[in-house]
Structure formats: structure tokens, C-alpha cells
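Down below is the structure, laid out as C-alpha cells.
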Amino acid sequence: MEDFDLVRFRESITTGIPTELPDPYVYEETVNHAPKRKATLDEEEVKLALQNALRYFEPRHHEVLLPEFKEELEKYGRIYMYRFMPKEEIKARDIDYYPAKSKQAAGIMLMIQNNLDHAVAQHPHELITYGGNGAVFQNWAQYLLTMKYLSEMTDEQTLVMYSGHPMGLFPSHKNAPRCVVTNGMMIPNYSKPDDWERFNALGVTQYGQMTAGSYMYIGPQGIVHGTTITVLNAFRKIGKSPRGNVFVTSGLGGMSGAQPKAGNIAGCITVCAEMNPKAVKTRHDQGWVDEVIETRENLVRRVKTAQENKEVVSIAFLGNVVHVWESLYDNGIEIAIGSDQTSLHNPWAGGYYPVDLTFEQSNEMMSEDPIQFKKEVQRSLKRHVAAINRHTDKGTYFFDYGNAFLLESSRAGADIEGEDREFRYPSYVQDIMGPMCFDYGFGPFRWVCASGKVEDLEKTDAIATEVLQRLSQDAPERIQQQMQDNITWIKGAQENKLVVGSQARILYADALGRMEIAKAFNDAIAQGEIGHVILGRDHHDVSGTDSPYRETSNIYDGSRFTADMAIQNVIGDSFRGATWISIHNGGGVGWGEVVNGGFGMVIDGSKEAEERLTSMLHWDVNNGIARRNWARNENATFAIKRAMELDPNLKVTLPHVVDENLWN
């Protein structure tokens with residue numbers, strides 16, 4: 001057992017909101033804090049926000065808490081209730097340590113704490129996991145109350161979560177989800193970015209991002225694999241080897257922090273710009289980026305040397321990415337592939353830092369003069385795009401990496417308009433992930449070893465490798481590349497030291513692969529070889545997300561602006577065996593721009609667990625393949641036909657393709 005006070009830990013979980021006030025919070029400068037949110041509430045709304053916050057506490061505490069919460073709202077733009085942040089370290093622990101009547105509830109507690117681990121979360125004191133605003137909860141009272149409910153829950157109750165607020169435990173049954181999560185589900189006419197600022201400040205909704213508000217984030221590893229596949233296939237698309245060639249991008253925060261590591265695994269020279277020195281230090285300390293450079297002159301010299309020596313190296317540039325694009329162009333350095341992964345879904349509140357403003361100047365302006373800050377962001381985006389255009393005119397392959405770069409650049413008036421499509425550049429889903437992975441059913445399947453043991457992760461890696469090798473022997477030629485990429489990935493996963501937080505792993509698998517791997521895990525649990533396993537996935541997947549500028553950007557039948565798939569996905573998961581389910585408004589491309597759903601499933605080695613995982617994982621993937629097939633995506637039609645052959649109970653409507661000569 002690790003060296004910590006188990007009794008005190010369990011008390012911190014079961015106590016809930018304390019009856020007596022803890023000591024006031026002392027602001028820690030060393031922690032990476034969220035930027036101040038802009039003021040959006042009028043005088044009456046400020047009063048309402050304070051009333052909303054105080055309702056968590058007994059009236060005898062209101063006189064003390066009122067001025068404190070008022071100060072938080074004025075100073076930070078939100079009421080976080082810092083005073084109630086637990087003193088004990090928050091991180092994923094052995095599932096058996098959690099005080100719980102339901103092992104499934106213990107699994108949810110484990111994953112919540114993993115999302116708030118200081119090594120994992122971007123702004124842990126503000127309960128934000130990644131993306132600048134991807135929150136697990138709105139405030140610390142919600143966290144305390146949720147953990148208490150989960151510790152009391154039985155297998156015949158379901159916890160209902162309204163945008164971070166635990167509405168309560170409701171009677172259900174053992175086959176129902178133990179937790180149902182909704183985040184930011186707004187009436188459509190109230191789903192604009194400024195609406196989020198207002199209603200979040202009021203304390204009535206939150207931006208759950210994707211796996212942040214659904215308790216399924218596993219640190220930047222969760223995107224390393226997808227980024228590795230994207231980078232590899234981008235080089236394949238342009239017919240170049242990664243070795244000695246340059247990949248330029250930006251962002252080292254939550255999800256984007258995976259980019260340098262992915263570049264190393266792919267085998268290229270990665271230059272990743274980041275304005276936040278704390279984010280740069282974190283990724284460098286974790287070994288996710290090799291070198292840090294702070295001047296443009298040194299960057300140019302280093303990249304030239306790396307090209308001459310055909311090095312595999314990742315470089316964090318502490319500065320603005322616009323300067324990177326401009327400096328490399330001015331010095332004749334060829335960029336093979338380029339992208340951007342700043343949080344442009346959140347452009348006015350720290351997601352994107354304008355060129356020629358310092359980090360500190362930007363943080364001050366975004367809260368004190370938000371109108372001018374918006375102008376600076378849009379001016380910077382125009383210059384950013386102009387620099388990219390100069391490189392692409394010389395042969396650089398640029399793609400939008402799903403962060404709303406193209407969308408916000410177009411809104412800024414940048415030269416981004418396309419001739420034969422909406423934008424000059426494709427989304428990476430349009431060119432790479434959609435046709436090569438999602439249409440075939442390959443997506444980011446992940447698991448967490450609930451024991452927290454390194455040896456359990458090693459055993460599950462070995463099990464997954466064996467399953468993939470077996471399945472690849474009979475896999476159709478059209479998906480052999482995907483199978484081999486995953487076998488290579490999982491074999492090298494441990495040597496690349498990808499674990500941050502929980503003992504977790506991710507790989508891109510199709511429905512058959514996910515089911516077979518999960519069944520093999522369940523058998524190993526039954527035989528006592530490993531402890532419990534928590535299954536999940538990124539929302540960025542085949543079925544989970546309707547996002548017209550990212551996940552469903554390669555849907556061309558006019559339905560990419562609909563959200564039936566994501567809603568159907570979560571409803572179907574709920575009665576097919578998921579332990580918890582979530583549905584969110586707003587993912588990586590912005591509030592009001594996407595609807596996305598996810599799940600978590602605790603497997604315990606039982607026959608019931610095998611039945612649940614088989615039923616749910618089959619649906620969770622094939623729902624999306626069926627929709628992509630109906631959109632006339634050729635690879636999806638191939639995949640759904642194969643799925644119907646494997647399971648005669650699956651019967652999907654196939655499209656008839658219209659002869660193009662009819663229009664002549």
C-alpha cells in the first residue's frame with residue numbers, strides 16, 4: 001500500500017460539504033491557473049450568481065461566504081469556492097481504496113480524481129482538465145457533494161449530473177448506468193460563446209469539453225496516439241518520409257501537449273510554439289518535449305542543424321507561433337506539414353494569444369478590454385494565415401487540427417476561403433482520420449487499470465498486442481495498415497513513457513478489436529491475473545461526435561450539421577451496459593459548434609460484464625459506421641457490410657449510388 005493515510009482519504013471522500021468552514025484559501029502562484037474570465041453579468045445577475053453559489057451551504061455560513069464569493073467573481077470572473085478545495089492530494093488510486101458500496105461507483109470516483117490530478121489537469125484549482133475551459137465541475141462544492149453521493153450509491157441507484165451539479169441519487173436498477181452526465185445542453189438559441197460566459201458565471205452550466213466533463217481523460221497520452229497516426233498519414237499523403245522533415249504546430253496545454261511526443265514517435269522534427277511558460281515547463285519536465293528554445297534566431301539555427309542531421313527531435317518554442325512561421329520562411333526553411341492546436345474554440349479567453357502581445361499583456365487585456373482583445377486575436381489570425389499561405393505556396397501541407405482554426409480565421413477575415421470547398425485547407429478528419437480511420441470504424445479505444453499497478457498495464461498491453469496480431473491475420477487488406485500501425489504503437493507504448501496520471505492506454509481499434517480486447521481483459525480479471533479495468537474512449541470517435549468542422553467534416557450528404565448520431569449513441573450506450581454516459585454541447589471546436597457523447601464501463605471478470613461490453617461496444621462503433629455509410633462514404637459501406645456478415649442480427653440500410661452521368 002502506498003504511504004498515505006487511508007482513513008483520512010476515505011473521510012475526505014465521504015464527508016461531502018463540511019458542516020464547519022475550512023480555512024480560507026491561499027492562492028498558489030506556482031499552479032497553472034485559468035485566466036480571468038471577462039465580466040458579463042449585470043448587477044442583478046451578480047446577485048443571482050451569489051445566491052446560486054450560497055445555496056450549497058447552511059445559512060449560518062452565508063455571512064462569511066458572501067463577500068468571499070463576491071470577491072472571487074470580481075477577481076476571476078467565476079465562483080470556484082477555493083476554500084473548499086480538499087487539502088489531500090487528488091489523483092487516481094487503487095479502486096479498492098475508495099469507500100463505496102458499488103464497485104462501479106468507485107470506478108467513477110477514480111476517474112474523476114484522475115481528471116483533477118495536478119499532473120493531468122491544465123488548471124487544477126479551477127477544476128479544468130484541458131482546453132482552457134474543459135471543466136469537470138464548476139466549483140469545489142459540486143466535487144465534494146458528488147464524491148459523497150458516489151460513496152453512498154448502491155447498484156440500484158443512478159447519479160444524475162447537470163453540468164457539474166449532482167442533482168442527486170435516483171432509484172434505478174443494476175443494469176442501468178450508475179451515472180448520467182449532461183454538460184452545457186442549452187436551448188439552441190442560447191448556445192453562442194457569450195451565452196457560455198454568462199450562464200457559466202451564473203453557475204448554471206459548464207463547458208465539459210469532451211473527456212474532461214465525462215471523467216474519461218487519461219492525460220495527453222489520450223491524443224498522442226491519434227496525433228501520431230495523423231502525422232504519419234500526413235507524411236504518407238504527401239509521399240515524404242518523416243525523417244529530417246519539419247512539422248510546425250502550436251499549443252502545449254492539455255490535449256495539444258501531446259504533439260511533440262507524437263512527432264518523436266512518428267520520426268520527424270517537431271516545432272511546437274506555446275506562450276504559457278508553465279505549460280512549456282510542464283511538458284519539458286514530463287519528457288514530452290526534448291528541448292526549449294526562446295529566441296527566433298536560436299530556433300532557426302537549431303532547425304537547420306536538425307534538418308542537416310536528419311534528427312528526430314521535438315522543440316518547444318516559448319513564444320508566438322506566427323513568429324515561427326514567419327522566421328522559418330524568411331530563412332528559407334522548408335516546412336513539410338503544418339497545423340495548429342491552440343484552443344481556438346475559446347479564442348477570447350486564453351485559447352489563442354495574439355502575436356506581438358506578451359502572455360501577461362494578453363491575460364490582462366482579455367479581461368480588462370475584451371473588445372480590443374478580440375480585435376488583436378483576429379488581426380493575429382490574419383497574419384497567421386498569411387504566413388501559412390506563403391509556405392503552402394511552396395509545397396507545405398497544412399491541415400486544421402480540429403481546434404476551429406479555419407472557422408475562426410474565416411470569421412476574422414483571413415485569406416482562408418477555398419475554391420472547391422469551404423476553406424483553402426482541409427480538416428484533418430476530411431483528409432486523414434475520416435476516410436482512413438473513422439469510416440472503417442477505427443477510433444480511440446482506451447482502458448484504465450483500476451488497481452493503479454504498473455504490472456497490470458504491462459499485462460493488458462501484452463493481451464491487446466496478442467489480440468491485434470491474431471485479428472490482423474484475417475483482416476481485409478483494406479485495413480491492414482491500420483492494424484499494423486496499432487500493433488507497432490502498442491509494442492512501443494511502454495518505452496515511450498506515455499503514462500501521466502492513471503495507468504492507462506489508448507489505441508485505435510474497430511468494433512471487433514475493441515470487443516475482443518475487452519473480452520480478453522475480462523477473462524484475465526476472472527482468472528485473477530489483473531484487477532478491474534475501466535473501458536472508455538475519446539469522444540473524438542466514429543460515433544460519439546457530430547461536429548461539422550471536425551469529426552463529421554467528411555460527411556458530404558448535407559447532414560453534417562445534424563446531431564442525431566451523437567444523441568443516438570449515448571441513448572444506445574445507456575441501455576446496452578455502460579457504467580456511465582455523458583452528452584455535451586461544445587467540444588474541441590467550440591460551444592454551440594458540436595454535440596458529443598462518451599461513456600465509461602467498469603469490467604470485473606463476470607459473465608454479466610462480458611455481455612455488457614459485447615453489446616455496448618458493438619453498438620458504440622457501428623452506429624457511426626452506419627451513419628457514414630448512409631452518407632455514401634465508400635469505406636464505411638465496406639465496413640458496415642463486413643459488420644453485417646460478422647453479426648446476422650445487424651441489418652443496416654445501404655445507399656444506392658447515383659450515376660454522375662445523369663447530370664450531364
Side-chain angles (χ1 to χ4, degrees), residues 1-33 56-58 61 80-121 123-129 136-137 139-154 159 166 169 178-179 215 217-219 282 285-286 448-457 499-504 530-534 600 602 604:
M1 183 179 290
E2 62 179 287
D3 185 22
F4 83 109
D5 189 334
L6 182 59
V7 173
R8 184 170 177 178
F9 169 71
R10 288 176 171 167
E11 285 178 355
S12 74
I13 298 292
T14 57
T15 298
I17 298 173
T19 55
E20 299 303 323
L21 294 181
D23 293 335
Y25 170 77
V26 178
Y27 194 84
E28 294 184 35
E29 295 290 346
T30 57
V31 173
N32 188 17
H33 287 282
Y56 285 100
F57 307 97
E58 296 178 15
H61 296 311
Y80 297 115
M81 306 181 186
Y82 286 123
R83 178 194 288 262
F84 296 92
M85 184 171 64
K87 302 299 186 291
E88 292 74 29
E89 182 182 13
I90 296 178
K91 67 176 185 178
R93 303 185 188 274
D94 186 330
I95 193 170
D96 290 333
Y97 289 1
Y98 289 89
K101 298 175 183 176
S102 163
K103 193 63 75 174
Q104 294 185 46
I108 300 170
M109 286 191 274
L110 184 159
M111 294 307 299
I112 287 174
Q113 292 208 313
N114 187 67
N115 271 23
L116 294 172
D117 185 336
H118 281 216
V120 174
H123 305 305
H125 285 202
E126 289 76 38
L127 303 113
I128 291 171
T129 302
V136 187
F137 301 99
N139 57 60
W140 285 103
Q142 292 178 345
Y143 165 84
L144 294 173
L145 194 53
T146 298
M147 298 299 276
K148 184 175 189 294
Y149 276 137
L150 288 168
S151 72
E152 297 169 347
M153 174 193 288
T154 72
L159 177 61
L169 293 172
R178 297 281 69 79
C179 186
Y215 327 140
Y217 190 55
I218 60 169
T282 296
D285 289 348
Q286 290 174 340
V448 175
C449 295
S451 67
K453 295 177 180 177
V454 174
E455 54 266 36
D456 274 12
L457 184 59
V499 170
V500 177
S502 59
Q503 293 296 317
I530 58 174
H532 286 53
V533 172
I534 302 169
V602 180
D604 59 7

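Values reported hereafter were calculated over all heavy atoms of this structure, with side chains retained and with hydrogens, waters and symmetry mates removed.
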Inset, instruction - Please report the C-alpha distance between Lys103 and Asp604 in whole Å, then the side-chain angles of each, then the deciding distance to 0.1 Å, and finally whether the side chain to side chain contact (heavy atoms under 4.5 Å, CB included) criterion is met. - result: CA-CA 9 Å; Lys103 193 63 75 174; Asp604 59 7; 5.9 Å; no
Inset, instruction - Could you walk me through whether Met153 and Gln104 pass the side chain to side chain contact (heavy atoms under 4.5 Å, CB included) test, one step at a time? - result: CA-CA 9 Å; Met153 174 193 288; Gln104 294 185 46; over 6 Å; no
Within this structure, what is the [atom1]-[atom2] distance for the pair [X] and [Y], rounded to the nearest 0.5 Å?
| X | Y | atom1 | atom2 | result |
| --- | --- | --- | --- | --- |
| Met109 | Lys148 | CE | NZ | 12.0 Å |
| Leu159 | Leu169 | CG | CG | 5.5 Å |
| Met81 | Tyr56 | CE | OH | 6.5 Å |
| Tyr217 | Asn115 | OH | CG | 9.0 Å |
| Tyr215 | Thr146 | OH | OG1 | 6.0 Å |
| Lys87 | Ser12 | NZ | OG | 11.5 Å |

Heavy-atom pair with the smallest gap, counting every atom of [X] and [Y]:
| X | Y | result |
| --- | --- | --- |
| Ala106 | Ile95 | CB-CG1, 3.7 Å |
| His125 | Tyr82 | O-CE2, 3.5 Å |
| Thr154 | Lys101 | CG2-CD, 4.3 Å |
| Val602 | Gly107 | CG2-CA, 4.2 Å |
| Arg83 | Pro22 | NH1-O, 2.6 Å |
| Leu127 | Phe137 | CB-O, 3.5 Å |

Measuring only between side-chain heavy atoms, which start at C-beta, is [X] closer than 4.5 Å to [Y]?
| X | Y | value |
| --- | --- | --- |
| Leu144 | Pro86 | yes |
| Gln142 | Asn139 | yes |
| Pro124 | Asp117 | no |
| Arg178 | Ile108 | yes |

Inset, instruction - Examine distances only and state if a side-chain atom of Thr15 and a backbone atom of Pro18 form a donor-acceptor pair shorter than 3.5 Å. - result: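 Not confirmed, Thr15 side chain does not pair with Pro18 backbone.
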Legend entry - Sidechain-backbone polar pair: His123 side chain, Asn32 backbone, donor-acceptor under 3.5 Å: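 Answer holds: yes.
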Inset, instruction - State whether Phe9 and Arg93 meet the cation-pi test: NZ (Lys) or CZ (Arg) under 6.0 Å from the six-membered ring centroid, and within 45° of the perpendicular axis. - result: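 Satisfied, under 6.0 Å and within 45°.
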Inset, instruction - Could you check whether the rings of Trp140 and Tyr143 sit parallel, tilted or perpendicular, using 30° and 60° as the cut-offs? - result: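 Rings of Trp140 and Tyr143: perpendicular, over 60°.
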Legend entry - Electrostatic pair Lys453:Asp94 at N-O distance under 4.0 angstrom: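 So Lys453 does not pair with Asp94 through a salt bridge.
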Inset, instruction - Salt-bridge test for Arg8 and Glu88: reply yes if a basic N is under 4.0 Å from a carboxylate O, no otherwise. - result: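 Yes.
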Inset, instruction - Would you please indicate yes or no on a ring centroid separation below 6.0 angstrom for His33 and Tyr27? - result: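 Judged by ring-centre distance (under 6.0 Å), Tyr27 and His33 do meet the cut-off.
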Legend entry - Centroid-centroid under 6.0 Å between Phe57 and Phe84 rings: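 So the answer is yes for these two rings.
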Inset, instruction - Let me see the working for Val120 and Gln113 under side chain to side chain contact (heavy atoms under 4.5 Å, CB included), right down to the final yes or no. - result: CA-CA 10 Å; Val120 174; Gln113 292 208 313; over 6 Å; no
Legend entry - Option among Asn114, Val533, Leu110 that satisfies the side chain to side chain contact (heavy atoms under 4.5 Å, CB included) test with Val448: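 Per the side chain to side chain contact (heavy atoms under 4.5 Å, CB included) rule, the option paired with Val448 is Leu110, out of Asn114, Val533, Leu110.
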Inset, instruction - Apply side chain to side chain contact (heavy atoms under 4.5 Å, CB included) to the pair Gln503 and Asp456, showing each step before the final yes or no. - result: CA-CA 8 Å; Gln503 293 296 317; Asp456 274 12; over 6 Å; no
